[in-house]
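Notes follow the structure.
Numbers restart at 1 for each chain; the letters A, B, ... are given by sequence-line order, proteins then strands.
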There are 2 protein chains.
Amino acid sequence: MSAPTQARQTLQRTAIRRAFERADRPLSPAETLASAQREVPGLGIATVYRNIRNFVDEGWLEEVPLPGAPNRYEISGKHHHHHFRCRICDRVFEVEACPPDLRTMLPRGFRLEGHDITLFGRCAGCARS
Amino acid sequence: MSAPTQARQTLQRTAIRRAFERADRPLSPAETLASAQREVPGLGIATVYRNIRNFVDEGWLEEVPLPGAPNRYEISGKHHHHHFRCRICDRVFEVEACPPDLRTMLPRGFRLEGHDITLFGRCAGCARS
DNA sequence: ATCGTTGCAAATGGTTTGCAGCTTA
DNA sequence: TAAGCTGCAAACCATTTGCAACGAT
């Protein structure tokens, strides 16, 4: 019933937003905390979770669910893409393409609404070692 | 140093193995518990986790990691395949095919070691409603 | 001065582990 | 009987929530 209240601009919220703007890849809440604490040392993890959820609800952030690993989050509005998780450093990267024809994989009667593809291996940095 | 000890055949372990043999799809630990408790009512969830891990270590079970959902487990040795998760009933099913050319998705310098593909939508049962 | 926001700590949900008693071999 | 199991409860880890103090508007 009540008009949705305005999100206030706090130091913490700003630091969290900047963490994502600085990042060139999806961030986990823990990575976000570490990055944002460079601006606001006392920042707590609960505030990171609350603001991430808030940004997701606003549509500014998008959830990146991964098999067997905590979610990452990235700024939304990118074109369709998928992700690569490095088994060594555990960082997640965006990958461009998307294979076609997923619908042909389905059993009869199933309705396809989406898909997640996660590649894994070693990122460029970790492949050298 | 010590020779690996033999796994003992207990009522619990047998009930857990049968739960997977009865299932036509990958099971979560909770689903496994529910199924195995039909044979051993007092069965505890910790025992399910311990035996699942044990079966995985033996190679009889295989982990099915899913984005944003607890792991499922399935009897191993099947040919390469992927999974479908129903958004309504939360059950996971096997799907046959696998799209090619995943390697072309990679940024330069990245080494691909594996991939997970999860389709989601409605299973045949839930698509009707 | 409001009322949303924050940090802390406690609560959750899924999974693991310590331990004393039980069971298989 | 001895070693491996089991159930229970406590411990964990990631995430969420209650609450009183704080701060943006």
Side-chain angles (χ1 to χ4, degrees), chain A residues 1-19 26-58 60-73 85 90-92, chain B residues 1-19 26-58 60-73 85 90-92:
Chain A
M1 294 281 99
S2 53
T5 338
Q6 204 68 4
R8 290 182 183 173
Q9 168 167 330
T10 62
L11 285 179
Q12 292 86 343
R13 184 174 177 83
T14 300
I16 291 166
R17 182 187 8 258
R18 286 195 188 132
L27 298 182
S28 67
E31 288 172 328
T32 308
L33 177 67
S35 173
Q37 277 183 334
R38 299 194 326 218
E39 293 183 30
V40 181
L43 180 62
I45 186 68
T47 299
V48 171
Y49 276 103
R50 279 187 283 235
N51 276 282
I52 285 178
R53 171 189 289 237
N54 195 295
F55 285 134
V56 170
D57 290 346
E58 285 179 8
W60 184 70
L61 279 187
E62 210 163 288
E63 196 180 72
V64 178
L66 299 164
N71 278 359
R72 267 66 171 175
Y73 298 87
R85 181 153 75 102
D90 208 46
R91 288 182 302 177
V92 172
Chain B
M1 291 282 96
S2 54
T5 339
Q6 205 68 3
R8 289 183 182 173
Q9 168 166 332
T10 62
L11 285 179
Q12 291 87 342
R13 183 175 178 83
T14 299
I16 291 166
R17 179 182 15 251
R18 286 197 188 130
L27 298 182
S28 67
E31 289 172 330
T32 309
L33 177 67
S35 173
Q37 277 182 335
R38 299 193 327 220
E39 293 183 31
V40 182
L43 180 62
I45 186 68
T47 299
V48 172
Y49 276 102
R50 279 187 283 236
N51 276 280
I52 285 179
R53 169 188 290 238
N54 195 295
F55 285 135
V56 170
D57 290 346
E58 286 179 8
W60 184 69
L61 279 186
E62 210 163 288
E63 195 181 71
V64 179
L66 299 164
N71 279 358
R72 267 66 170 175
Y73 298 87
R85 182 153 77 102
D90 207 48
R91 288 182 303 176
V92 172

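- B:E62 meets the side-chain hydrogen bond (donor to acceptor under 3.5 Å, both in side chains) test with no other residue; sequence neighbours excluded.
- Listed pair B:N51 / D:dT6 meets the phosphate criterion, a side-chain N or O lying under 4.0 Å from OP1 or OP2.
- What separates CG of A:L33 from P of D:dA14 is a distance of 12 Å, to the nearest Å.
- Evaluation of the salt bridge (charged side-chain N to carboxylate O under 4.0 Å, His left out) rule for A:R91 yields no partner, not counting sequence neighbours.
- Applying the ring pair (Phe, Tyr, Trp, His ring centres under 6.0 Å) test to every pair with at least one member in residues 28-55 of chain B, sequence neighbours left out, gives these pairs: B:F55-B:W60.
- When the P atom of D:dT6 is taken as reference, atom OH of B:Y49 falls 16 Å away, rounded to whole Å.
- To the nearest 0.5 angstrom, B:Y73 atom OH is 6.0 Å from B:I52 atom CD1.
- Scanning for side-chain hydrogen bond (donor to acceptor under 3.5 Å, both in side chains) contacts around A:E63 gives A:N71, with sequence neighbours left out.
- The CD1 atom of B:I52 sits 12 Å away from the P atom of D:dT6 (whole-angstrom rounding).
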Could you tabulate the donor-acceptor pairs under 3.5 Å formed by side-chain atoms of residues 32-44 of chain A, not counting sequence neighbours?
unit_1, atom_1, unit_2, atom_2, d
A:T32, OG1, A:S28, O, 2.7
A:S35, OG, A:R22, NH2, 2.9
A:Q37, NE2, A:L43, O, 2.9
A:E39, OE1, A:R18, NH1, 2.9
A:E39, OE2, A:R22, NH1, 2.9

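- What separates CZ of A:R72 from P of D:dA14 is a distance of 11 Å, to the nearest Å.
- For DNA chain D, the neighbouring residues in residues 36-45 of chain B, judged by any heavy atom under 4.0 Å, are B:G42, B:L43, B:G44.
- Residues satisfying the side-chain hydrogen bond (donor to acceptor under 3.5 Å, both in side chains) test with B:R17, not counting sequence neighbours, are none.
- Listed nucleotides: D:dT17, C:dT16, D:dT6. Nearest to the side chain of A:A46: D:dT17.
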Nucleotide by nucleotide, 5' to 3', does protein get under 4.0 Å of the base (B), only the sugar-phosphate (S), or neither (-) in nucleotides 19-25 of chain D, counting heavy atoms? ----BBS
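- The side chain of B:R53 lies closest to C:dT16 when the candidates are D:dT17, D:dG7, C:dT16.
- Between B:L27 atom CG and C:dT15 atom P the separation is 13 Å, expressed in whole Å.
- Rounded to whole Å, atom C1' of D:dG7 lies 12 Å from atom CD1 of B:I16.
- Applying the side-chain contact (heavy atoms from CB on, under 4.5 Å) rule to B:D57 yields the partners B:R53; only residues at least two apart in sequence or on another chain are considered.
- Heavy atoms of other residues, nucleotides or ligands lying less than 6.0 angstrom from CD of B:Q9 number 12 at most.
- With rounding to whole Å, B:R13 atom CZ is found 19 Å from D:dA3 atom P.
- For the pair A:D57 CG and C:dG4 P, the computed distance is 16 Å after rounding to whole Å.
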